[in-house]
Structures are given as structure tokens and as C-alpha cells.
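A short worksheet on the structure shown next.
Bear in mind the structure is a predicted one, so any value in this text is a computation, not a measurement. The sequence lines fix the lettering, A, B, ..., with proteins before strands; numbering per chain opens at 1.
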Amino acid sequence: MKNYLTSLFAETAQKLSYLKEIQITFDRPKVETHGDVSSNAAMLLTKMLKKNPREIANEIIAGLNIDSTIISKVEIAGPGFINFFFQPVFLIEKIKNILDEQDAFGKSKKHAGKRANVEFVSANPTGPLTVGHGRNAVCGDTIANLLEWTGYEVDREYYFNNAGRQMRVLGDSVRLRYLELLGDVIEFPEDYYQGDYIKSIAESLKSEFGDSLRNESAEGKFKEKAEKEIFLDIEKTLQRLKINHKNFFNENSLYEEKKIESLLKTFADKNLSYEKEGAIWLKLSELGNQQDKVIVKSTGEPTYRLPDVAYHITKFERNYDLMVDLFGSDHNATYPDVMAALQALGYDSSKVKVLIHQFVTITQNGEIVKMSTRKANYVTLDELTDEVGADVVRYFFNMRNISTHMNFDLALAKKHSDENPVFYLQYAHARICSIIRTIENENLTASTDHLDLLIADEEQKLIRKLHQFEEEVLLAAEYFEPNRIATYLEELAASFHKFYTFCRILGTEKNLAEARIALALATKIVIKNGLSILGVSAPERM
RNA sequence: GCGCCCAUAGCUCAAUUGGAUAGAGCAACAGCCUUCUAAGCUGUAGGUUAGUGGUUCGAGUCCACUUGGGCGUACCA
């Protein structure tokens, strides 16, 4: 509908040249009595033309070449909105498109030929993924799906660091638990990793090597084994949620391939860094940021900023058109440094889109549970998936805008899992599947020959909702907002449930019944496609 | 102290990125199954969009200040 109007207005702009001066946008009014599509063009022009908006609207309408077989009515409303009402005949064409395109309906070629990198999860292998990581994992994967639906070729990437202090502590935690298993009396420091998974890693080392690791260093077999096992667990956890990364990028490779070294040299050559008190500093204050930051400590060890910049440079070198980073809000202070550095080095940092999601607050019996991998007082993503299932987990994290703080009462989530809206969507899909099973025995079939019979209020609303899907996918991808799809699907399912209640198929005249089946089938396709973007299954029976 | 983010119905969240009368679900109340799945549908009730001011044809949305919360503010990642 909007595409049609856009070309209609472009044609009119040949006559009314002032239309070229403004960015004409079309909105879908909230209230249906305001039509299918509305334009605020007249109001935007009031200042420029110094005329009453309604007067301008009249002029625009007079200039439009309106085909009354497509548009049934144009009106001026309120302060100067131009509202367009479309003919039902025009709308029903969409049902045919949906039935033709099936699984591909909603996909666009908008960004065909472009490549995107989505970096998400990126948790270091120090322990199981927590519910907090779950939000990152699910949103990242869904954003990747959305980009694919708009034509991007997407690489899902996981960046990790298996060196440094936290990994030494991890290795030593395993070493101590191992010695404990051998019967030694150990003192386990409070700031070591307390979780039971450390013990089970120690156990598997013991059964593999007996007591031969008694004099092994923390950074040897212990760290190695811990990293391997934990990574296996992380991948398994993610796979349960249908998340598969293509690339696992090890920070260490940046050192091995001398990327860090050469970046340091580049900073020095470009006069972007300096030495002070034995450390190397980056001149971030000259690049518009708050203050200079250390990139190499006086001990000679780099801080995270240096490899982060080097890492992003590899993304540029890998020729991505779009690079998405998804972080928790604890990273909100770090990325401006990386961006500024990239820009100073001549990279187009606008190709990097940093998304910050707010934390998930877990409450248990009304008390906020503070989570820390060290202290092992977290709730794991696996436990959550065990409890409510993968579909509910994915839907739950996808249904809210990432910028909002999420509150999550564990007890309540377990008890009321039936009330999760995901079931409402899946139920609509299962109902349609049930209809299909039934009509097979009734000598009925889906037909698009008499779609013009679909004039009931519930039918028309459902058809209009179906029209919206392609646009919602584009918008959700453009704004990186998976929750838009969830919201849309809830509205679509609501429209369907109403249609189902009031527009019966059995016992209705054959042509109408078969048109209704076609509408139901189209709805099934759109629900399924929407759910597949969210990574949620579409069951045939419930 | 400073920086980023957040505040919408009793609860959890929407609101087409500045549009017309702020909408759903849950919880509460009243109804609807002898025909396609009642995990559904219909109705009632629930709001000074945290507060104050500003910007304009028009503000939940933008700006300023205030209040309350989250995350940072390291030669940790």
C-alpha cells in the first residue's frame, strides 16, 4: 500500500514541485476509522507555504491521479492528515503472494550482496552461561536472522579471550580441586571459581591422568581442560536454543599474528599514543573522548582496549559492510574508546553498530539475586531452558526491547509459564493446522478464486495485518529491534483468533469456505515465518 | 562527583522513532463450548505516561532541571 502511494506521490510531484522539498512518509493510523494509510505531508508544508494545512491537503489530493478501483476514499482529517482507504480487492492480492512465496514471504533483497558480522555472547570460558548471557545470545541470534531476512549474508561470531588473569585463576581453581580429590588438604581462596563445574572438571582430569598432574602448573593441563570442557558446555547450551556461531575468534590469535604489535606501531607512527609512567597511553582526549586511557600497562601487558581495536580492524579487513556488536550494559563505557580509535585510524566506524542491552534482574521470592560467575550464585541458562523450554526462553528474551531493564521472577516464571504469550502464537498456528486436517475429510480445499467474498470485519482486519509483515521485518532489522516481530505476531494471532471465532469454515457456502481456508493458510505461513525469525518453533498440534 | 541507560494500568510490557482517542497480556469481575483445538472469544474495571518547566500545528517520544533505579567511572575483561 505504501509503495503504491509512494509512486503515486512521486508522479504528482512532477506537478506540485513543493512535494519534492519534503520527506514524505506514510503511516498506518492507530485507529481504523482513519484509513489504511495516512500522510502528514500537508502539515510538514505549512511553514514553507505559509498556508493552512487543510488547504494544502486539498491541493495535493486534487493533484493525485487516483484510481478508484484501488483507492476507495481519500479524506482530510484532523489538523491536515490525508487518509487513504484501499479497496478490499486490492488487499486480497497479498493472500496470493503469501501462498506463492511460502517460507520466503517477508524476505527481501534490500541488502542483497552485502555481508554482515554479528558478534554476540562472547563470554569468556570461565563458567556456564547464565540467564544474563541468555538475553545477549537470543537477541544476537535473532538480529542475525533479521539481517538475513533483509538480504545480508551474515556471519555469527563469538570473540573470546583464553589468556590473562581470570583464566589463570580458573586453571588454579581446577588445580586446587584436583589436589583436593587426591586427598590433599587445600585452602580454596574466596575469589576463586566456586562452582561445582570446577569439581567435575577436576574429576575428569583425575580419572584421565590419575595423580600424575600433582606438579602440573595451573596454566598447563588444568587451564586447558577447563577451557575445553566449558566451551563444549557453552556450545551445547547455545545449541539447545538453536544458536550456532560460525566463527570463534580467539583474542590470542591477534598476538600470534603480530596484529597487536603492528597496531602499537601504527598508533605510535600516527602520533596517537605516548609513554607516561612506564605505560603506553592512547590520546583519546584529543579524539573527543573524556580522557586518555592506558593501552599497555607498565608490566608490558596490554589492556583490553588494544586487542579490541585490533579485533575490529580484522573485521574491516574481512570486508564486512555492517558489523554489529551486542554487549551488556557493563560495557557501555568501553566501546566509545574503540570507536574513536578506529575512526582515528581511518576506518569508517559508522559501519560498526554497537548495541547495548540492559541487564536481566533476577528476583527470587521478591529478593534480587546478584549474579557472579565467581561466586557461583547465578542461575544458568541451561537451568532456565530445562525449566521452561527453549521456545519460551527465546520468546521471553525477544519480546522486550533490549534497552529496557528486564525483571524476571524465577518462581513466577516457572509457575505461570502457560501464560507466556508464545503459547498464544503457537496455538494460533496449531489451530490452523487442525483446520487443514479437518477440511481434508470434508472435500474442501484452499482456493483463491473467490477471495473477494472475504468482506467480514474480522477477515478484513486479518488481511490488513498480513499486509504489515514485510514492513515489520524491514523495520525490525533496520532498528535492530527483534521485539517488533514479537509484538506484531501477537497482534496477528489476536486477529486470527477473532477470525476463527466469528468466521466459521464448516457449514459455510463452499466458495466462501474455500476463500477462508486460503486466508487461514496465508496466516499460518506468516506466523510460521515470524516465529522462525524469532527462533521459536511452530507446532502443528498442542 | 562525572558518564551512559531506564521510569507508561496493581504486575510484565507495547505505542509505526514527533502524529489523531496511550494499547495488549497477566491478575480482578461478568458472560460464551451438542459443528473446524476454550492454551480461545466477548464485555466491565483499571492512567495527571515519576515531577516541573520549555521547544511546535502536535510531546509518552525532543531539550533543561528535579526525584528514584541500573551499569560504568581501573595500568580488570
Each nucleotide N or O in nucleotides 20-24 of chain B that has a protein N or O under 3.5 Å away: list the pair and distance.
residue, atom, partner, partner atom, Å
B:A20, OP2, A:Lys30, NZ, 3.1
B:A20, N6, A:Ser38, OG, 3.0
B:A20, N6, A:Asn83, OD1, 2.7
B:A20, N1, A:Asn83, OD1, 3.4
B:A20, N1, A:Asn83, ND2, 3.1

Interatomic spacing from OH in A:Tyr4 to CZ in A:Phe26 - rounded to 0.5 Å: 11.5 Å

Pairwise P distance for B:C75 and B:C13, with rounding to whole Å: 36 Å

A:Leu355 CG to B:C5 C1', straight-line distance once rounded to whole Å: 14 Å

A:Tyr335 vs B:A77: side-chain N/O to OP1/OP2 distance below 4.0 Å: no

Phosphate-side-chain proximity, A:Lys297 and B:A74, N/O vs OP1/OP2 below 4.0 Å: no

Inter-nucleotide P distance (B:A20, B:A24), Å rounded: 15 Å

Sugar-phosphate only, base, or nothing, as touched by A:Tyr427 at under 4.0 Å among non-hydrogen atoms: base

Comparing A:Lys276 and A:Thr487 on RNA chain B - which has the more 5′ nearest nucleotide: A:Thr487

Whole-angstrom distance between B:U16 and B:G60, as gauged at atom C1': 14 Å

Distance, rounded to the nearest Å, where A:Ile356 contributes CD1 and B:G3 contributes P: 18 Å

Nearest-nucleotide 5' precedence on RNA chain B, A:Met43 against A:Thr501: A:Met43

Between B:U35 (P) and A:Glu442 (CD): distance, integer Å: 14 Å

Side-chain N or O of A:Arg437 closer than 4.0 Å to phosphate OP1/OP2 of B:U37: no

salt_bridge(A:Glu301, A:Arg165) N-O dist < 4.0 Å: no

SB check A:Lys461 A:Asp457 (cutoff 4.0 Å): yes

Whole-Å C1' distance, B:A45 and B:A9: 11 Å

Sugar-phosphate, base or nothing in reach of A:Ser434, heavy atoms under 4.0 Å: base

Closest listed nucleotide, where the reference is the side chain of A:Asn40 and the choices are B:A38, B:C71, B:G19: B:G19

Nucleotide of B:C71, B:A14, B:A77 approaching A:Phe359 most closely (side-chain heavy atoms): B:C71

Dot-bracket encoding per residue of RNA chain B, Watson-Crick/G-U cut-off under 3.5 Å, | denoting interstrand: (((((((..((((.....[...)))).(((((.......))))).....(((((..]....))))))))))))....

Sugar-phosphate, base or nothing in reach of A:Asn401, heavy atoms under 4.0 Å: sugar-phosphate

B:A59 to B:G54 separation - C1' atoms, rounded to the nearest Å: 11 Å

Under 3.5 Å donor-acceptor pair, A:Glu277 side-chain atoms to B:C75 base atoms: yes

Distance in angstrom units between A:Arg484 CZ and B:U16 P, rounded: 7 Å

Nearest-Å distance for atom pair CD/P, residues A:Glu458 and B:G40: 18 Å

Closest heavy-atom pair and its distance - A:Ile525, A:Leu99: CD1-CD2, 3.9 Å

Atom pair distance, as rounded to whole Å: CZ in A:Arg168 and C1' in B:C76: 11 Å

A:Thr303, nearest nucleotide to its side chain (from B:G72, B:U37, B:A77): B:A77

Aromatic centroids of A:Tyr158 and A:Phe231 separated by under 6.0 Å: yes

Backbone of A:His34 reached by a side-chain donor or acceptor of A:Asn83 within 3.5 Å: yes

Exercise: identify the closest heavy-atom pair between A:Ala477 and A:Leu147: O-CD2, 4.4 Å

Sugar-phosphate, base or nothing in reach of A:Glu481, heavy atoms under 4.0 Å: base

Residue A:Asp330, side-chain atoms from C-beta onward, closest of B:C71, B:U35, B:A38: B:C71

Backbone of A:Glu472 reached by a side-chain donor or acceptor of A:Arg484 within 3.5 Å: no

N-glycosidic conformation, B:U17 - syn within 90 degrees of 0, else anti: syn

Proximal nucleotide (of B:G40, B:C36, B:A77) relative to the A:Thr438 side chain: B:C36

Touch class at under 4.0 angstrom, heavy-atom based, for A:Glu540 against every strand present: base

B:C11, syn or anti by chi within 90 degrees of zero: anti

Nearest to side-chain heavy atoms of A:Tyr479, which nucleotide of B:U42, B:C36, B:U17: B:U17

Minimum heavy-atom distance between A:Phe86 and A:Asp36, given as atom pair plus value: N-OD2, 2.7 Å

Out of B:C71, B:C41, B:C75, whichever nucleotide has its closest atom nearest the side chain of A:Trp281: B:C75

Candidate list A:Asn162, A:Thr126, A:Asn124, test side-chain hydrogen bond (donor to acceptor under 3.5 Å, both in side chains), partner A:Glu227, passing option: A:Asn162

Distance, rounded to the nearest Å, where A:Asp457 contributes CG and B:U42 contributes C1': 14 Å

Nearest-Å distance once atom P is located in both B:U49 and B:G23: 13 Å

Whole-Å distance separating the CD atom of A:Gln291 from the C1' atom of B:G1: 13 Å

Test: A:Lys315 and A:Glu157 ion pair at under 4.0 Å: no

Touch class at under 4.0 angstrom, heavy-atom based, for A:Asn332 against every strand present: base

Sugar-phosphate, base or nothing in reach of A:Phe502, heavy atoms under 4.0 Å: sugar-phosphate

Sugar-phosphate, base or nothing in reach of A:Ser298, heavy atoms under 4.0 Å: base

Donor-acceptor under 3.5 Å (A:Asn398 side chain, A:Leu534 main chain): yes

Whole-angstrom distance between B:A22 and B:A7, as gauged at atom C1': 16 Å

Expected output: side-chain A:Ser122 to main-chain A:Tyr159 donor-acceptor under 3.5 Å: yes

B:U67 to B:A50 separation - C1' atoms, rounded to the nearest Å: 7 Å

Sugar-phosphate only, base, or nothing, as touched by A:Ile505 at under 4.0 Å among non-hydrogen atoms: base

